[in-house]
Structure formats: C-alpha cells, structure tokens
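First comes the structure, then the notes that go with it.
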Amino acid sequence: MAYTLGNLTLLKPKKLVKEFIETSVEHLLINGDTTKNVKNRRIRYTLQYQYLDVDEVNAILAEYVLDQVRTFTVDESNLTISPVDVLVDIKGRQYPLSGRAYLENLDVILTEVR
C-alpha cells in the first residue's frame with residue numbers, strides 16, 4: 001500500500017485529485033449542430049500534503065529537480081493506479097505556524113505524458 005514516484009515512496013497525501021485534460025477543437029455550426037474533435041486526453045493527478053517535515057519535502061523536491069519523466073503508481077486497497085509516466089510540478093508551498101517544528105504544506109502536480 002504505497003504511493004511511488006520514480007524511486008521515491010511517498011506518504012499518503014491528505015487529498016488526491018484526478019483531473020482529465022483534453023486538447024480538442026469544438027465547432028458550433030449555424031444550424032445548431034456541434035462537432036468536437038478530441039486530439040489528446042491526459043490525466044493530471046494533484047497530491048495535496050500537509051505538515052511535511054524538511055526531509056520529506058527535500059525528497060519530493062529531489063524528484064522535481066530531475067526535470068525528467070518519472071513513473072507514478074498507487075497501490076492501495078481502494079485505489080490502484082497502474083504505472084503512469086508523469087512530469088512533476090510543485091505548487092502551493094505554504095509554511096503554517098507550527099511552533100518550533102519547520103513544517104510545510106505542498107501540492108505535487110503530476111501530469112501524464114503520452
């Protein structure tokens with residue numbers, strides 16, 4: 001039961017959002033007919049993490065800095081994602097008030113590559 005990105009085993013995220021991205025052309029004709037030509041369909045996974053410590057953030061950033069296609073898989077009892085080639089992006093870095101601990105909230109965006 002793990003989330004894997006490249007060689008890194010990720011923690012279970014607070015939230016996982018699966019979003020479909022289409023590259024398409026849509027035509028609306030004068031008589032009211034609509035045609036749509038779908039050129040490409042991809043999936044974007046957004047993993048939202050809360051209260052990560054420095055080591056966990058550095059491990060995720062190490063995968064991001066590679067700037068290469070990475071393999072993403074999920075193997076849980078209620079969610080299975082077969083190996084998918086993705087590009088890694090980081091968004092929404094926030095530093096919540098956490099006393100003496102240095103913690104960070106982070107969004108990891110994985111966009112499917114085809």
Side-chain angles (χ1 to χ4, degrees):
M1 293 202 282
Y3 289 74
T4 309
L5 178 62
N7 298 327
L8 176 65
T9 301
L10 300 169
L11 298 172
K12 183 176 179 179
K14 176 80 173 170
K15 184 176 180 182
L16 172 70
V17 177
K18 182 178 179 181
E19 178 182 3
F20 292 94
I21 303 169
E22 279 187 353
T23 305
S24 61
V25 176
E26 189 170 330
H27 299 284
L28 178 60
L29 304 177
I30 292 175
N31 62 357
D33 292 342
T34 302
T35 61
K36 186 172 184 179
N37 184 8
V38 177
K39 301 218 182 262
N40 194 359
R41 188 173 285 145
R42 296 180 185 185
I43 301 174
R44 177 185 294 153
Y45 302 97
T46 303
L47 288 73
Q48 297 177 354
Y49 288 101
Q50 287 186 336
Y51 307 120
L52 296 176
D53 63 16
V54 176
D55 295 332
E56 295 163 342
V57 171
N58 287 339
I60 293 171
L61 289 178
E63 291 291 324
Y64 169 69
V65 169
L66 290 175
D67 200 23
Q68 295 178 352
V69 174
R70 309 304 289 162
T71 303
F72 175 63
T73 59
V74 176
D75 182 24
E76 281 195 334
S77 57
N78 60 348
L79 175 65
T80 302
I81 299 174
S82 59
V84 177
D85 290 335
V86 295
L87 290 173
V88 182
D89 195 15
I90 303 294
K91 178 183 146 190
R93 295 179 74 177
Q94 299 172 351
Y95 303 94
L97 298 175
S98 56
R100 293 181 167 207
Y102 176 75
L103 301 176
E104 186 172 342
N105 296 343
L106 185 70
D107 292 348
V108 179
I109 299 172
L110 307 173
T111 306
E112 184 179 16
V113 177
R114 286 191 188 181

Problem set entry | Verdict with reasoning, Gln68 to Val88, per side chain to side chain contact (heavy atoms under 4.5 Å, CB included) | CA-CA 8 Å; Gln68 295 178 352; Val88 182; over 6 Å; no
Problem set entry | Atom pair CD/CG of Gln50 and Leu106 - distance to nearest 0.5 Å | 11.0 Å
Extract all donor-acceptor atom pairs below 3.5 Å that involve side chains of residues 29-48 and protein atoms in other chains or at least two apart in sequence.
| from | atom 1 | to | atom 2 | distance (Å) |
| --- | --- | --- | --- | --- |
| Asn31 | OD1 | Asp33 | N | 3.2 |
| Asn31 | ND2 | Asp33 | OD2 | 3.2 |
| Lys36 | NZ | Glu22 | OE1 | 3.0 |
| Arg41 | NE | Glu22 | OE2 | 3.1 |
| Arg41 | NH2 | Glu22 | OE2 | 2.6 |

Exercise. Going by heavy atoms in the side chains, are Val113 and Val86 under 4.5 Å from each other?
Worked result: no
Which pairs would a plain distance check flag for residues 8-18, meaning a side-chain donor or acceptor within less than 3.5 Å of a matching protein atom at least two apart in sequence or in another chain?
none

Exercise. For Thr4, which of Thr73, Val74, Ile81 qualifies under side-chain contact (heavy atoms from CB on, under 4.5 Å)?
Worked result: Thr73
Seminar exercise, completed: Residue pairs passing the salt bridge (charged side-chain N to carboxylate O under 4.0 Å, His left out) test with at least one member in residues 78-96, sequence neighbours excluded, are Arg93-Glu104
For this session: With rounding to the nearest 0.5 Å, note down the distance linking CD in Glu56 to CG in Leu103.
Result: 9.0 Å
Exercise. Nearest 0.5 Å, what's the CG-OH distance between Leu110 and Tyr3?
Worked result: 11.5 Å
Problem set entry | Reported CD1-to-CG distance for the pair Ile109 and Leu87, which is rounded to 0.5 angstrom | 12.0 Å
For this session: Check whether Phe72 and Phe20 end up in the same hydrophobic cluster, where Ile, Leu, Val, Met, Phe, Trp and Tyr are linked by side-chain heavy atoms less than 4.5 Å apart.
Result: yes
Problem set entry | Check: Asn105 and Tyr51 side chains under 4.5 Å, non-hydrogen atoms | yes
Problem set entry | Distance (rounded to the nearest 0.5 Å) between Ile21 CD1 and Glu112 CD | 9.0 Å
Problem set entry | Closest approach of Ile60 to Leu52 (non-hydrogen atoms, all atoms of both residues) | CD1-CD1, 4.0 Å
For this session: Establish whether Val57 and Leu66 are linked, either directly or via other cluster members, by ILVMFWY side-chain heavy-atom contacts under 4.5 Å.
Result: no
